[in-house]
Structure formats: structure tokens, C-alpha cells
Amino acid sequence: MSEISKAYEPQAVEDKWYQFWLAGKFFVADAKSPKPAYSIVIPPPNVTGVLTLGHVLNNTIQDILARKARMDGKEVLWLPGTDHAGIATQTVVERTLKKAGEIKHRDDLGREKFLERVWEWKEKHGGIIIQQLKKLGASCDWTRERFTMDPEYSRCVQRVFVDLYKKGLIYRGKRMVNWCPASLTALSDEEVVMKEQRGSLYYFKVEVAEAPGTFLTIATTRPETIPGDTAVAVNPKDPRYAHLIGKHVLRPLPVELPHEQKLIPIIGDEHVDFEFGTGVLKVTPAHDKADYDIFIRTAVNGAAIGLIEVINAHGKMNEFAGADLRGLDRFEARKIATEKLKEFGLLEKEEPYTNNVGYSERADVPIEPRMSLQWFLKYPSAEKSRAVVAKGEMKFHPERWAKVYDHWMGGLQDWCVSRQLWWGHRIPVWSMKAKFSALPDYVVQALRETGNSYVSTTLPNSSVQVFWNIVSHHKVPSLDDEEIEVQALTELADGGSYLDSLGFTQDPDVLDTWFSSWLWPFATMGWPEQTDTLKKFYPTTDLVTGPDIIFFWVARMIMAGYEYMDELPFQNVYFTGIIRDKQGRKMSKSLGNSPDPLDLIAKFGADALRFGVMRAAPLGQDILFDEQNVELGRNFCNKLWNACRFRQMQGGEVQGEIDPKLLTSDDKWILLKLDAAIHEMNSAFADYKFSDATATLYRFFWSEYCDWYVEASKAVLQGSDGARKANTLAVIDFILSHTLRMFHPFLPFITEELWHGMGYSVDMPENQGGKTIMFAPWPLPLDDDFKSHYDLTERDEKFIESRNEFIAQGRNLRRNANLPANKKVKFIFKSVGKTSATDIEVLKLLLNAENVEVNPNFQPSKNVLAVRADLGELFLPLEGLIDVAAEKTRLTKELEKIESEISKVEQKLNNHAFTQKVPATVLEEHKQRLVEWQNKSSHAKAALAALQN
RNA sequence: GCGCGGUUAGCUCAGUGGUAGAGCACCACAUUGACACUGUGGGGGUCACAGGUUCAAACCCUGUAUCGCGCACCA
């Protein structure tokens, strides 16, 4: 470090090193490398989104994994990219254009013009989140950045759609779907969230037509759908109503209809609950999923009830709702319908009621179950995908998500993949209703040859494949002038114009965004070509994502992986927690509780943000975010900075060799602590426990290295023995160069800066840390050769630990005597064994003593405070000025605690059951403990006695 | 309703059967000594509750309470 500033200034170094990494192409993965592969694909953020703390958490973990893998000598691909996010992006652009007064509705512009505007928007805002990820230090291979609407990616989507269609897994049908009246599109079940809603339960009565004067009472939350009722259902086992099945009731709305059109049948259906409401259910097949199922059951039984749609796409009542409700919003209509029932004298009561209502996740409005013509997918490779997780071949971390996954996989429903939007991958199906002879001759001929109603052909003078499917027929039509309905599919864009020219029209809908993201792990790597990248890096190693998209994305990727690569897409899935504020509330814009990560980076530095978030994010738990976490990260970086600065200020060259003969106990101790830390780090990584890893780093570096080792080393560094000094510096350099490497995945910027500044890069081979710490080898645990060469034993560890305890007690003595920390005092050390001069120097330094007098024969007189440890006894003679009473109180309290511990252990040891059944080691431990406490007891008693004198 | 997770110091959390821990916060002391983005010392817990298993339970079992999440839902 040429310039040594007193405090670490992240702003001055972060951009510099990021540019350095980019210029060195260090993030670029080499598909031809002989090194073993490690790969992650990023969960692609919304292309026009901005970085949130959730992204910070997610991407920091990925970056840590990627950087660690590089240091482990792997060839790493972290593949970045963005998602077009259909509904979200289209909504934002549409809203913006409306606000600007340019349009009232997207129809004003038309599909093409509108899409131009979305692309413009994407160009303008698209790069933001990518730039933000760079600020965070993300080591993605930007040369491989992908976007789900890139031409090549779009071709993958199209290809997959056509393939699944050919396999008979995709079909179009009029079904009841979740309709979002705000976004005006169908949604998949996963995009609907249930919300508790306070409303009313309305009880109204209907007259039985065959028995005038007899009424049935029905409870409903949705009186506005009465005009859409086509039956009244009761349980056939319900004695109250069973005899009425087959009769009819008069539907009260629309009131203007003639009598015979008001008649709807009373039907029996086992699904009707006796207990709920009155046990009589109104059946609205067009606007309720369960009622629709009843409708289907009646159809199967050959006694089909009707189906009347009364709500339109915008959530407003249509003409079938009758004069009273027509044109009203569904919620307004609810009020009016209730009033009407009251007016007719049919409303019996209205009671407050709380039920769950499905909401559109994006638009946050109640969805409307609605009949609509949509495309559906029967999931492919579902069984294999379910089994791979159940069998543990793909591991989920934490494991419990495997159960959630399994449960969902067990109840798969067909996926509604079409969306009534413009922004997205347009469904590659062209259709036409025409005479059979209107198809090109070679198609007709090909169909005739197979006899099937479908055939694949290649377009004349082209390689474009088209799949023709006569959906109106099961076999090839026998007559040329038969009216047919054909769906034609092509994988390539140029096939489309040919089909257009034949009079086909392309389906106007686009695909659900997740229908493109589920291909992400392989479509980003060049599939369907067997590219080097795909061969080298698929399947990926780890996936890091939030559990909220386990169904949306993870499960579907697994299925796509099996279907198209015949292999799982990733070996491990790490589910992060959800970031919440410190009160445990979800981060949200409206609450204003979501801090901008970029502000935090500006204030504290990217490393600080990373460290703070990781430290607060235990595996599988939600994270309560507090800016203090980041502050702590900043402080930690500063500590690291200053520890290096301290080394720098001692001067001297970095010299690799440590002389075993010159090692102090403290040197040996810190080397052993380093070894322990490396082990802990490795096991934390093996278990994906990143908060444990940061805790280890924190403890090792701050407590063990800075607080103890560095302080003790000053005894040597401030002394006059040159050889010893140099040796201590060599130990420091050894520790720091290992520490920086262990920190690197977590704190990439500061470690790179210090790696160069401290000169640790100098002696390393160019590709192993010489150029950048990114490729410096991850520290290995100290092996037996190393330990025996430097004579590192458990004894050294024990010695320093007991020495440190001794010092802590000595400091405590001073505190108890009310001596200010800056007052130099004299201690007397009655040592048990041999103690080196250096050890005494260290004692003196760490006790802030004027002198530590070694006297094995010291006999304390009065007014002497004392502590005892394995090392011996330490005395603090006080010439007057001691608060005898306070010290007595303290000692008495301590003695009480000691005695209680003794009696606890004694109780156990006197218990025969205990001494007989317990393992020998545990028994020994207890005996040992008893001796220790007894020693402490006699010592405390002696000290107390000394005070009495 | 079913399932999952949590409940340990004021706060956030470690701790899978053998002496209750960390960080933050708090209190006191220390200011030309790498770092006040600091150092030293200290106080602070009936491990949600009730049973059970065990020589021994924060930890294993059963139940209860409570908070959170997911799935399925009765109109």
C-alpha cells in the first residue's frame, strides 16, 4: 500500500478493481478448459427492474459460490441475464404512456407500435439492474449475458412449444381460468394468491315452481352472479331437500325475464356441504370453479344444466345480467343485486362473513373465474422430476423445501400458458378454417398418405418445418371440400410469413413469461446446438433462488431439464430466506421500508453490504434487515484494513519463510486457530451455511487475530530482537495472506486491494494469485507435515488459552480495584511452570502493567488481590485505596456460584446410576470439573480471608 | 382443515443429549501508539408452557399456546 489512509474508503477502490477484473476477462468462462466445471445460472431479474435487497442476498450468495469455486481451481461459469417479465413490463409501459396522455388504451397504438414502445423502454431501462449487479461485485460472465427475448432464446421457446404440441401435451380449450380483469389476461393458478376478505354472506330465498309458496333459502357471497345461475344444488343425502331434486326454482334475477326463463332445476350433487349456510347452493358455472365442475358432472350424466356468462372481461356485468345490473362493475352490481332482492322481499338476512378470495398477484385485484379459450400444457417428465428430488439426487437446501416441492408435483394441474398480452413470445400457432382443398397440394397429399389428421412437412425450397394438424377431424378428411379447422405450427419465423400468405392467422396471444424462463439453464447455453458451453457447464452445479418461485420456476426448470436435456438442470438448489424489515414486515414500496441497496453501497461500500447481509442470513430463515448489519460490515472492513495497515507500518519485506525455532507460543496458537478456521469455513461451505462462515471469519479475525495475537505480537515487534521480529512478521504475513483469501468470496473488493497492496501477489504464480486474488488458491488446512515442522501441538493451544484467561482475570482485578485503565500497576506472578521471557513481556503488555514481577515464592499479605489459572497465580498488591467492601461482596457472590456448581457436579457423581451408565470420558470430565471448581473455591476463600486481615 | 417453520439475553440469532453462547444494544473505564468504523471490563437468560423418555433434556417423544409461511378450501 503506497498510500495508507487511516480508514478504509471503499469508494476509492471498488470501481477500480471491477474494471480490472473485466479488463482481465477473469469472469469469462472457458468452455474448453481442462479444469472441472462449476456453473450457476442467475435467476434472471426483470429486465426493467431495479436492484432490491432480495437481489443483493441472492446474488451475493451466488457470487460467493462462484468466487470460492474459482479459488478451488474450478472453471466457473456464472451466467447472467434478464427476463422480459411479460405482465409487469407491459403494465409499466402502458401505464407510463397513459400518464403521459399519449394513449387511453394500448389499442390506440396497435400491437406493433405498442411493442416498439416497449422495446424502446427496455433499451432505456434494461441495463440498470445489470449495472447495479456490477456495483455489488457480481462476477458474472457478461460476455454470455442473455435476455429471454433474444432471437436465439425466442427460437428455443418456439421450438419447445412446437415440440410439446406435437407430443400432444399442448392443447387449446375453452376452460374456466383465472381471469385478471385489470391486466385482461388469463393467469396460471400460481399467479393467484388467496387473500382474506371481509364481506357479507347473503341469505335469499327462491320459490319452488312446482310447489308455490315453498321456498328454499340460499346463502351466497356473490348475489351479483344470480343471473348466471343455472341450477340450485343440494346434497342428495340431505333429508331436508332430497325430495326436491328434479323440481325447479324461480331465479329472481334478471327480473324482467319471462317466467319459463327463470326456471332453473334443483339438482343433487354430493359435493354440497350440509353444514354450510342452508345446505343449498346456487350454481353459477360460468363464474365459479366449483360450480363449473358441477356443470361438467351434469353434462357427463347427460342432464346438462346451462351455462350463462354474466360478467365480461373487464369485470363488468353484461347484457345477460339483466337491465338492473348491465354495465355495472361486479362490486357495484353486488350492492344493486342485494337491494333488488330486498325489494322483492327475498333477502332474509345479511351477515358479516370472512372468506378467502383469489387475487391477481401482479395487479392486486380479485380474479374472476371465467370461461375462456386458452392454451394448456400437460407437464412433461413430471414423474422423473418428482423422483429426482424425493430420492435426494438433487438436493434442496434447506431440505424441507423438498417436501413442498413433492406435494406440488403430486397434484399437478395443466398449466395455462397463454396470456392475452402483447409483450412476450407470441404463440407459434397459425390457424385457418377452410375447405380441405385450400391446403397446399403437397400437404393434402402427405396427409392422405399417412391417413392421419396431422403431418409434418418441409416447406418447398426451404428447410422450414411445418406441422399441420386438422383439429376438427380425427382422421384425414375424405372429401376435398370438407370444412376443416387447421392449426399449423412452425419453429422458425420465416415459416410464419408463408402461412400468412396461405391465409392462416397467427394466434394473437403470447406465452406466460415462465414458459420461457423454465428453459433458462440450457437455452442460455446454446441449446439445441450441443455447444461447448452446454457440454461443459450443463447440468449446472448450484441454483440460488427464493422459495417463493419454487413452483413458478424451479419445478418447471427441472421438468424442462429432463424433457430436453434428459438430465437434471442443477445438482443443488439453495433457497434463500425472504428479506424483511426489522419489524418482520415484508419489504414493499408502499411501506417505504425497502432501502435502496445502491444507497447502502454508497454509504458503506459493497463489501460491507455483502458482509452485513450474509451475516444476518442464516440458512432457511427469513432475514430481518437492519442498516446496522451493513454498518457492522463496514466496521469489519475497516478492521481488516487497519490490521493490514499495522503490518505495513512495521516495515520489512514480505518473507515467506518462518523459522520454527523462533516461534513463540502465540505464533503457534494463531497458526492453529487459522487451521481451525479453515476447517470451519470448509464445512460451512459444504453445508451452504454462509452466516456461519461469516461468523467464523469474524471471530477468527477480530477476536483471535486482532484482539489477542496482534496485541501479543507487539511484545516482540516493539522489542529489539531483529530475528524474532522478522519471524513474527513472517507469521503475520502468513496469516494475513490466508485470511485475505478466505475473505475474498465475501469481500471481493477490499481483499483484492489489500492482496496487491500488501504484496502477497508478488510471489504467486501468475494464474494462481499473481495477477488477482480471484485465482489464488483457497487455503488448505495445515497438514501434518506442516504441524510437525513447526511443532504445533494441542499443548500450545491450551497454554495460550489458559494464558489468555489469566490475562482476562488480571484485567478484571484491576477493574475490581477501581484502577483506571491507564494507570500502570505492578503485578506479581507466582508461576507454576517455566515461563519464557517473551511470555512475561506479553503478560506485561496485555495487562498494561508497569511491571510483572516473577516470584515463585510470593506469599500474599493483606490488601492483595489475586487470581489463579493453570499458569499460576497473579497478585495485584494495592497500597491502600481498595474498596474492601465491594471486593468482599464480589468474592462472596463468586463463591456462591462456585459452591453451587460444586454441589451440582457432586450430586451427579454421587448418583450411582450416573457413575455406572455414563461413558468413561464424560465421567472423567465431571471429575475433572469437580477438581477445578474445588480449586477455585479454595482460592476464592483464601482471597476472601486475605481481605479480612 | 392439512403441512412446514419459529418461540433461547433488551434486539437479531447460534447451539441434535453431558458446565447456556455470539453479535448488536446497555453500563463503566480508557484519547498522540493499526483501528473511536477502537480497546478493556461488566451486568443481563425458569431456553414459550405442561407432561414423558433418560443417570442426564434448550436438544428426543406427546400435547398445549403463540407467531409466521405454504397448500387446499364451504357457496
Side-chain angles (χ1 to χ4, degrees), chain A residues 4 6-8 194 201-202 218-222 225 233 271-284 288-291 353 355-356 398 400-401 403-404 407-408 411 547-548 550-551 578 580 582 584 604 608 615-618 620-626 628-629 631-650 689 691-692 694-695 698-699 702-703 706-707 710-711 714 718 807-809 811-816 818-823 846-848 901 904-905 908 911-919 921-923 925-926 929 932-933:
Chain A
I4 307 175
K6 205 171 163 185
Y8 174 55
M194 299 309 275
L201 192 58
Y202 304 90
I218 303 173
T220 181
T221 54
R222 298 198 68 183
T225 62
H271 286 74
V272 178
D273 184 349
F274 288 41
E275 312 281 327
F276 189 88
T278 56
V280 186
L281 171 70
K282 73 194 250 319
V283 183
T284 325
D288 186 283
K289 182 78 175 66
D291 293 0
Y353 185 66
N355 66 340
N356 288 323
R400 63 188 153 88
W401 293 110
K403 220 171 176 176
V404 176
H407 184 246
W408 188 74
D548 47 334
I550 185 168
F551 310 137
I578 309 236
R580 300 170 177 281
K582 57 181 162 183
F604 299 107
R615 205 171 161 283
Q621 301 265 23
D622 284 356
I623 296 101
L624 301 195
F625 182 82
D626 187 335
Q628 277 189 345
N629 296 131
E631 207 176 318
L632 180 124
R634 189 257 327 249
N635 296 355
F636 191 74
C637 290
N638 191 53
K639 190 77 178 175
L640 181 60
W641 181 261
N642 274 290
C644 288
R645 185 164 161 255
F646 172 75
R647 159 64 186 96
Q648 208 65 350
M649 289 166 82
Q650 304 307 313
K689 293 190 168 176
S691 62
D692 286 12
T694 53
Y698 194 98
R699 188 210 64 231
W702 201 309
S703 310
C706 290
D707 289 349
V710 170
E711 291 309 317
K714 287 176 183 170
Q718 289 165 8
I807 288 168
Q809 288 189 42
R811 287 165 169 171
N812 181 247
L813 277 187
R814 161 203 280 288
R815 172 79 202 128
N816 290 329
N818 251 332
L819 295 176
N822 60 345
K823 186 168 162 85
L846 296 188
L847 286 167
N848 193 24
E901 292 295 335
K904 258 198 260 179
V905 183
K908 277 190 177 180
N911 183 344
H912 281 292
F914 175 78
T915 50
Q916 276 162 21
K917 292 190 183 177
V918 87
T921 50
V922 177
L923 185 62
E925 247 174 60
H926 279 76
R929 203 185 302 155
E932 277 169 29
W933 283 118

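Owing to the predicted nature of the structure, the values given are computational and were not obtained by experimental measurement. So you know, we letter chains A, B, ... as the sequences are listed, proteins then strands, and number each from 1. Side chains are part of it too, since the values below use all heavy atoms of this structure and drop only hydrogens, waters and symmetry mates.
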Would you list the protein and nucleotides 3-12 of chain B atom pairs, both N or O, that sit under 3.5 Å from each other?
from : atom 1 : to       : atom 2 : distance (Å)
B:C4 : OP1    : A:Lys403 : NZ     : 3.2

- [ ] Answer yes or no: is there a side-chain heavy-atom contact under 4.5 Å between A:Leu846 and A:Arg811?
- [x] yes
TODO: Would you indicate what A:Ala290 reaches in the nucleic acid, counting non-hydrogen atoms under 4.0 angstrom: base, sugar-phosphate, or nothing?
DONE: sugar-phosphate
Open item on the list: Return the pairing partner of B:U54 with a 3.5 Å limit on both distances, Watson-Crick or G-U wobble; otherwise return none.
Closed with: none
Task: Nucleotide B:A22, atom P - distance to CG of A:Asn629 in whole Å - done: 19 Å
- [ ] For nucleotides B:A50 and B:A57, find the distance between their C1' atoms and express it as a whole number of Å.
- [x] 15 Å
Task: Touch class at under 4.0 angstrom, heavy-atom based, for A:Asp692 against every strand present - done: nothing
- [ ] Have a look at A:Asn911 and say if it touches a base, only the backbone sugar-phosphate, or nothing, with a 4.0 Å heavy-atom cut-off.
- [x] sugar-phosphate
Task: Sugar-phosphate only, base, or nothing, as touched by A:Val710 at under 4.0 Å among non-hydrogen atoms - done: base
Open item on the list: Using the side-chain heavy atoms of A:Arg645, tell me which of these nucleotides is nearest: B:A25, B:C35, B:A75.
Closed with: B:C35
Open item on the list: Work out how far the C1' atom of B:C37 is from that of B:G42, and round it to whole angstrom.
Closed with: 23 Å
Task: Spacing of A:Asn638 atom CG relative to B:C35 atom P, expressed in whole Å - done: 10 Å
Open item on the list: If I pick the C1' atom on B:A56 and the same atom on B:U16, what distance separates them, to the nearest angstrom?
Closed with: 15 Å
Task: Nearest-angstrom distance from the residue atom CD of A:Glu711 to P of B:U38 - done: 14 Å
TODO: Considering just the side-chain nitrogens and oxygens of A:Asn812, establish if one lies under 4.0 Å of OP1 or OP2 belonging to B:G42.
DONE: yes
Task: Nearest-0.5 Å distance that lies between atom CG in A:Asp707 and atom CZ in A:Arg699 - done: 12.5 Å
Open item on the list: Heavy atoms only, 4.0 Å cut-off, all strands: where does A:Cys637 land among base, sugar-phosphate and nothing?
Closed with: nothing
Open item on the list: Of the options B:G23, B:G18, B:G41, whose atoms approach the side-chain atoms of A:Arg811 most closely?
Closed with: B:G41
Task: Check: A:Ile218 and A:Tyr202 side chains under 4.5 Å, non-hydrogen atoms - done: no
Task: Short side-chain N/O contact to B:G39 OP1/OP2 from A:Trp702, under 4.0 Å - done: yes
- [ ] For A:Leu632 and B:A36, give me the distance from atom CG to atom C1', rounded to whole Å.
- [x] 15 Å
Open item on the list: So A:Lys282 and A:Thr225, do their side chains get closer than 4.5 Å, heavy atoms only?
Closed with: yes
Open item on the list: Taking only the P atom of each, what is the distance from B:A20 to B:A25 in whole angstrom?
Closed with: 27 Å
Open item on the list: Classify A:Trp933 by what it touches in the nucleic acid, base, sugar-phosphate, or nothing, heavy-atom distance under 4.0 Å.
Closed with: base
- [ ] Go ahead and name the base partner of B:U32; Watson-Crick or wobble counts if both distances stay under 3.5 Å, otherwise write none.
- [x] none
- [ ] Go through the steps to decide whether A:Asp291 and A:Leu281 satisfy the test side chain to side chain contact (heavy atoms under 4.5 Å, CB included), and finish with yes or no.
- [x] CA-CA 9 Å; A:Asp291 293 0; A:Leu281 171 70; 4.2 Å; yes
TODO: Give one of base, sugar-phosphate or nothing for A:Pro919, where a contact means two heavy atoms less than 4.0 Å apart.
DONE: base
- [ ] Using the C1' atoms only, state how far B:G52 lies from B:G17, rounded to an integer number of Å.
- [x] 16 Å
Task: Nearest-angstrom distance, C1' atom, B:G43 to B:C4 - done: 39 Å
Task: Under 3.5 Å on both distances, the Watson-Crick or G-U partner of B:G5 - done: B:C67
- [ ] Can you tell me, in whole Å, how much space there is between the P of B:G44 and that of B:G63?
- [x] 38 Å
TODO: Determine whether A:Phe604 and A:Asn629 make a side-chain contact, defined as any pair of heavy atoms from C-beta on separated by less than 4.5 Å.
DONE: no
Task: Closest to the A:Ala643 side chain, choosing from B:G41, B:G39, B:A34 - done: B:A34
Open item on the list: In this structure, how many angstroms lie between the P atom of B:C69 and the CZ atom of A:Phe551, rounded?
Closed with: 15 Å
Open item on the list: Using whole Å, what does the distance between atom P of nucleotide B:U32 and atom CE of A:Met649 come to?
Closed with: 15 Å
Open item on the list: Closest approach to the side chain of A:Val922, judged atom by atom: which nucleotide of B:G18, B:A75, B:C37 is it?
Closed with: B:G18
Open item on the list: For A:Lys904, is there an ion pair with A:Glu901 - N to carboxylate O distance below 4.0 angstrom?
Closed with: yes
Open item on the list: Is there a side-chain contact between A:Tyr698 and the phosphate of B:C24, meaning an N or O under 4.0 Å from OP1 or OP2?
Closed with: yes
Open item on the list: Return whichever of A:Arg222 or A:Ala808 has its heavy-atom-nearest nucleotide of RNA chain B closer to the 5' end.
Closed with: A:Ala808
Open item on the list: Give me the distance, rounded to whole Å, that separates B:G5 from B:G15 when you measure between the P atoms they each carry.
Closed with: 15 Å
- [ ] Over 60° means perpendicular and under 30° means parallel, so classify the ring planes of A:Trp641 and A:Tyr8, tilted if in between.
- [x] tilted
Open item on the list: Of the options B:C71, B:U19, B:G18, whose atoms approach the side-chain atoms of A:Val918 most closely?
Closed with: B:G18
- [ ] For A:Glu901 and B:A20, give me the distance from atom CD to atom C1', rounded to whole Å.
- [x] 11 Å
TODO: Give one of base, sugar-phosphate or nothing for A:Arg699, where a contact means two heavy atoms less than 4.0 Å apart.
DONE: nothing
Task: Sugar-phosphate only, base, or nothing, as touched by A:Arg929 at under 4.0 Å among non-hydrogen atoms - done: base
Task: Options B:A34, B:C74, B:C37, nucleotide nearest the side-chain atoms of A:Asp273 - done: B:C74
Task: Side-chain N,O (A:Lys6) to OP1/OP2 (B:C35) below 4.0 Å - done: yes
Task: Gap between atoms CG and C1', on A:Asn642 and B:U38 respectively (whole Å) - done: 9 Å
- [ ] Would you kindly check if the NZ (Lys) or CZ (Arg) of A:Lys639 is within the cone defined by 45 degrees around the ring axis of A:Tyr698 and under 6.0 Å from the six-membered ring centre?
- [x] no
Open item on the list: Distance check, rounded to the nearest 0.5 Å: A:Asn638 atom CG versus A:Lys6 atom NZ?
Closed with: 10.5 Å
- [ ] Mind checking A:Tyr353 for me? I need base, sugar-phosphate or nothing, with any heavy atom below 4.0 Å counting as a touch.
- [x] sugar-phosphate
- [ ] Decide yes or no for A:Leu632 and A:Arg615: does some side-chain heavy atom of the first lie under 4.5 Å from some side-chain heavy atom of the second?
- [x] yes
Task: Watson-Crick or G-U counterpart of B:G21, or none if no pair lies under 3.5 Å - done: B:C13
